[in-house]
Amino acid sequence: MMQRYIEAQLHRAAAAAGLEIDGPIPFGVPKQDGQGHLSTNIAMMHAKKLGKQPRVLAQEIVDGIEKSELVERVEVAGPGFINVTFRDAVYHAMVKDLDGLGDHIGRSDAGAGRTMHIEYVSANPTGPLHAGHGRNCAVGDTLANLYAWCGYEVTREYYFNNAGNQMNMLGRSIYVRLQHALGNNDVPFPEDGYHGEYIAEIATQIARDHADAVREMSEEEALAYCRKRGEEWCFASIKRTLVALNIHHDVYYNEDSLYTTGKVRDTIEDLRERGLVYEKDGATWFALTQLGSQQDKVIVKSTGEPTYRLPDIAYHRDKLVRGFDVVIDVFGADHIATVPDVLAGVKALGFDTERFRVVIHQMVTFVENGEIVKFSKRSGKSFTLDELIEEVGADVVRFFFIMRAVGTHLEFDLGLAKEEGDKNPVFYLQYAHARICSILKKAEEKGLAINHQSDLSVLVHPREIELIAQLSRMRATVERACENLEPHVIAEYLRDLAGAYHNFYHDCRILGAEPALEAARLLLADVTRRAMRNGLLILGVTTPERM
RNA sequence: GCGCCCAUAGCUCAGUUGGAUAGAGCAGCAGCCUUCUAAGCUGCUGGCCGCAGGUUCGAAUCCUGCUGGGCGCGCCA
């Protein structure tokens with residue numbers, strides 16, 4: 001937001017030097033002291049085409065900048081950077097602007113009037129969510145929040161299939177356990193059946209509340225009943241876990257509806273009309289090689305059942321038909337192979353696949369004491385997301401899963417996560433928030449109210465200026481994280497913001513300072529509180545007022 | 001064999017879309033509380049940015065080729 005105060009002038013000065021720049025001027029924040037507050041490399045970027053030395057062009061631009069009350073100095077540095085040093089008045093103006101935003105600090109209207117659809121989690125109801133699902137949950141939900149904070153109208157969707165082979169296997173697994181519970185021990189457990197403890201739990205429940213009815217049923221009826229009970233149990237479990245993580249979907253989209261509404265049939269017919277479908281070996285194939293892929297793929301098996309690819313294409317086409325401006329998929333790296341096929345299919349049907357943004361996050365390794373943890377200590381089976389939440393808390397789960405770039409393999413350190421102290425990065429942020437709240441509460445007790453008209457010109461301490469500079473970057477940071485689909489950027493930003501506040505807190509006494517300074521610092525603290533709170537809300541973690 | 005992702009301090013990772021002397025946390029060492037939360041702050045130690053070329057004023061960042069790791073490559077999802 002700093003650049004607002006100099007950008008127009010730079011445009012004018014550059015034009016006067018013979019350099020017309022379309023669009024915004026690129027700015028950077030110098031890392032070294034003595035290089036000003038903002039820096040631009042426009043002279044170096046364009047010197048060549050004007051046939052000038054970068055430093056000469058830079059100096060011509062600098063000479064064209066008029067004197068201003070806000071700008072301390074503009075100078076040429078290094079190979080041709082133009083460094084801008086502001087007077088403190090710019091920072092005071094920024095605090096004023098930020099304060100005027102009320103609870104909207106960090107919000108953007110970059111996506112105002114646009115709609116965004118995001119599909120995440122999307123685990124089929126065949127069992128509880130396991131710990132590895134956590135990354136998809138946290139990344140998806142944080143991205144949804146980011147888009148909402150950028151002004152988009154967001155639809156959060158959970159896509160599931162309760163009709164396929166996996167569900168039949170779930171039903172059969174429960175059915176067999178139920179037979180065992182009812183004393184028929186000779187019924188063999190299916191080879192690819194589900195082995196989790198929850199299967200037995202569901203079977204036990206049915207044995208307890210529905211045994212007589214089940215005994216009356218045919219095997220077919222009993223299997224269907226077990227499947228239905230299993231689905232209900234699993235969905236209840238999944239939804240409970242998501243609520244614990246502060247995740248709420250707007251739509252649960254059933255794959256089966258794609259069949260009942262004819263969308264799958266339409267999709268295959270449309271592909272066939274375009275000559276992209278053929279029969280071979282009793283199966284129906286999608287001619288992906290015609291679309292530039294390595295090999296054709298089966299979309300309807302010789303048994304007559306479609307493979308996942310076909311409803312996936314129908315589903316993604318439907319998302320576009322529903323009219324969203326941006327459609328985001330969140331997948332783990334293990335699903336990467338399906339993406340090109342689905343996109344190729346939708347594109348072949350004449351849709352603009354540019355609206356799709358696919359986020360593929362890498363896998364997660366859980367580590368404790370330097371050793372890889374694969375299984376739950378309690379059950380010896382792969383451990384559930386519930387167990388992870390219980391172990392480290394929902395805030396830590398959400399934060400840890402988004403704090404690294406989605407493209408990198410994530411190491412989830414359970415030891416660090418369990419640490420409820422200074423080593424844990426989430427607490428560092430929440431502590432900053434709680435510390436501010438504590439001061440504001442004390443101020444209130446002293447009868448000191450936040451004064452939005454405070455004279456901010458008394459804020460001149462380097463720690464105050466650094467904190468304000470950090471605050472001023474929030475909105476652009478949120479926009480960048482959103483645009484680039486990078487939730488971890490917010491975690492990084494908030495750590496810097498918390499650090500800037502802790503520094504300010506340490507060096508700048510608020511309560512008890514002389515009245516004008518006290519009022520100004522109190523306002524600055526409150527602006528920081530609102531920024532930190534909003535950042536934590538974007539991450540979906542709690543904002544404790546005391547710790 | 002093919003496709004995608006990754007490689008930066010002892011460990012885990014950032015690096016603002018190609019910029020200035022590559023940063024943070026943890027671990028290690030040394031300091032700071034009679035005053036608003038020490039879950040904090042300050043200082044020190046720590047680097048062939050996997051290797052080799054290329055592109056240009058300028059590369060951790062872009063291109064090519066290697067090496068090493070992850071995930072895929074089904075009439076499973």
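The sequence lines fix the lettering, A, B, ..., with proteins before strands; numbering per chain opens at 1. From a predicted model like this one, the values you see are computed outputs, not experimental measurements.
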Under 3.5 Å donor-acceptor, A:Tyr259 side chain and A:Arg265 backbone: no
Please report, to 0.1 Å, the donor-acceptor pairs under 3.5 Å made by any side chain of residues 328-335 of chain A, with sequence neighbours excluded.
residue  : atom : partner  : partner atom : Å
A:Asp329 : OD1  : A:His316 : NE2          : 3.3
A:Asp329 : OD1  : A:Lys319 : NZ           : 2.7
A:Asp329 : OD2  : A:His316 : NE2          : 2.5

A:Glu305: partners by salt bridge (Lys or Arg N to Asp or Glu O under 4.0 Å), with sequence neighbours left out: A:Lys301
Span that lies between the C1' atom of B:rG46 and that of B:rG53, in whole angstrom: 30 Å
Sugar-phosphate, base or nothing in reach of A:Arg480, heavy atoms under 4.0 Å: sugar-phosphate
Interatomic distance where CG belongs to A:Leu410 and P belongs to B:rA7 [whole Å]: 14 Å
Whole-angstrom distance between B:rG10 and B:rA27, as gauged at atom C1': 8 Å
A:Phe189 and A:His195 aromatic centres sub-6.0 Å: yes
B:rG50 and B:rG69, which share atom name C1', separated by this distance in whole Å: 11 Å
side-chain hydrogen bond (donor to acceptor under 3.5 Å, both in side chains) partners for A:Asn162, two or more places apart: A:Glu231, A:Asn254
Dot-bracket notation for RNA chain B, counting Watson-Crick and G-U pairs under 3.5 Å, with | for partners on another strand: (((((.(..((((.....[...)))).(((((.......))))).....(((((..]....)))))).)))))....
Non-neighbouring partners of A:Glu518 that pass salt bridge (Lys or Arg N to Asp or Glu O under 4.0 Å), sequence neighbours left out: A:Lys446
Below 4.0 Å: OP1/OP2 of B:rU42 and any side-chain N or O of A:Arg463: yes
A:Glu479 and A:Ser108 side chains, donor-acceptor separation under 3.5 Å: yes
Strand-adjacent residues in residues 500-508 of chain A, judged by heavy atoms under 4.0 Å from RNA chain B: A:His502, A:Asn503, A:Tyr505, A:His506, A:Cys508
Please list, for nucleotides 18-22 of chain B, all pairs of protein and nucleotide N/O atoms separated by less than 3.5 Å.
residue : atom : partner : partner atom : Å
B:rG19  : N7   : A:Asn41 : ND2          : 2.8
B:rA20  : OP2  : A:Lys31 : NZ           : 3.0
B:rA20  : N6   : A:Ser39 : OG           : 2.8
B:rA20  : N6   : A:Asn83 : OD1          : 2.7
B:rA20  : N1   : A:Asn83 : ND2          : 3.0
B:rA20  : N3   : A:Gln35 : NE2          : 3.4
B:rU21  : O2'  : A:Gln32 : NE2          : 3.3

Identified side-chain contact (heavy atoms from CB on, under 4.5 Å) partner of A:Leu467 from the options A:Tyr505, A:Tyr501, A:Tyr91: A:Tyr501
Basic-acidic side-chain contact under 4.0 Å: A:Glu255, A:Lys263: no
Distance in angstrom units between A:Gln362 CD and B:rC4 C1', rounded: 8 Å
Sugar-phosphate, base or nothing in reach of A:Gly28, heavy atoms under 4.0 Å: nothing
Pairs where residues 404-424 of chain A contributes a residue and the test ring pair (Phe, Tyr, Trp, His ring centres under 6.0 Å) is met, not counting sequence neighbours: A:Phe366-A:Phe412, A:Phe400-A:Phe412, A:Phe401-A:Phe412
Whole-angstrom distance between B:rU55 and B:rG65, as gauged at atom C1': 15 Å
A:Arg309: side-chain contact (heavy atoms from CB on, under 4.5 Å) partners, not counting sequence neighbours: A:Lys297, A:Ile299, A:Thr307, A:Asp341
Touch class at under 4.0 angstrom, heavy-atom based, for A:Thr408 against every strand present: sugar-phosphate
No-hydrogen, no-angle side-chain donor-acceptor test under 3.5 Å, A:Tyr120 and A:Glu157: no
Between B:rC44 and B:rU35 - P atom distance, rounded Å: 28 Å
Contact residues, residues 488-495 of chain A to RNA chain B [heavy atom, < 4.0 Å]: A:His488, A:Glu492, A:Arg495
Check: A:His502/A:Tyr428 side-chain N/O donor and acceptor closer than 3.5 Å: no
Donor-acceptor side-chain pairing of A:Asn161 and A:Tyr308 below 3.5 angstrom: no
Assigned glycosidic conformation for B:rU34 [threshold 90° from 0]: anti
Donor-acceptor under 3.5 Å (A:His46 side chain, A:Ile42 main chain): yes
Inter-nucleotide C1' distance (B:rG15, B:rA60), Å rounded: 8 Å
Nucleotide B:rG74, atom C1' - distance to CD of A:Gln294 in whole Å: 16 Å
Inter-nucleotide C1' distance (B:rC62, B:rG19), Å rounded: 14 Å
ring-ring contact (aromatic ring centres under 6.0 Å, His included) evaluation trace for A:Tyr253 with A:Phe160: CA-CA 6 Å; A:Tyr253 196 108; A:Phe160 69 99; 8.7 Å; no
Short side-chain to backbone donor-acceptor contact, A:Ser302 and A:Gly282, under 3.5 Å: no
Strand-adjacent residues in residues 444-451 of chain A, judged by heavy atoms under 4.0 Å from RNA chain B: none
Touch class at under 4.0 angstrom, heavy-atom based, for A:Ala434 against every strand present: base
Spacing of A:Arg404 atom CZ relative to B:rG15 atom P, expressed in whole Å: 11 Å
Under 3.5 Å donor-acceptor, A:Tyr493 side chain and A:Arg473 backbone: no
Whole-Å P distance, B:rC63 and B:rC5: 10 Å
Test item: A:Asp296 side-chain N/O and A:Thr289 main-chain N/O as donor-acceptor pair under 3.5 Å: yes
Atom-pair distance (CZ on A:Arg546; P on B:rC36), nearest Å: 15 Å
A:Asn424 side chain to A:Glu419 backbone, donor-acceptor under 3.5 Å: yes
Every protein N/O lying under 3.5 Å from an N/O of nucleotides 75-77 of chain B:
residue : atom : partner  : partner atom : Å
B:rC75  : O2   : A:Ser302 : N            : 3.0
B:rC75  : O2   : A:Ser302 : OG           : 2.9
B:rC75  : N3   : A:Ser302 : OG           : 3.4
B:rC75  : N4   : A:Asp281 : O            : 2.8
B:rC76  : OP2  : A:Lys301 : NZ           : 2.5
B:rC76  : O2'  : A:Gln166 : NE2          : 3.3
B:rA77  : OP2  : A:Tyr308 : N            : 3.2
B:rA77  : N6   : A:Tyr308 : OH           : 3.4
B:rA77  : N3   : A:His335 : NE2          : 3.2

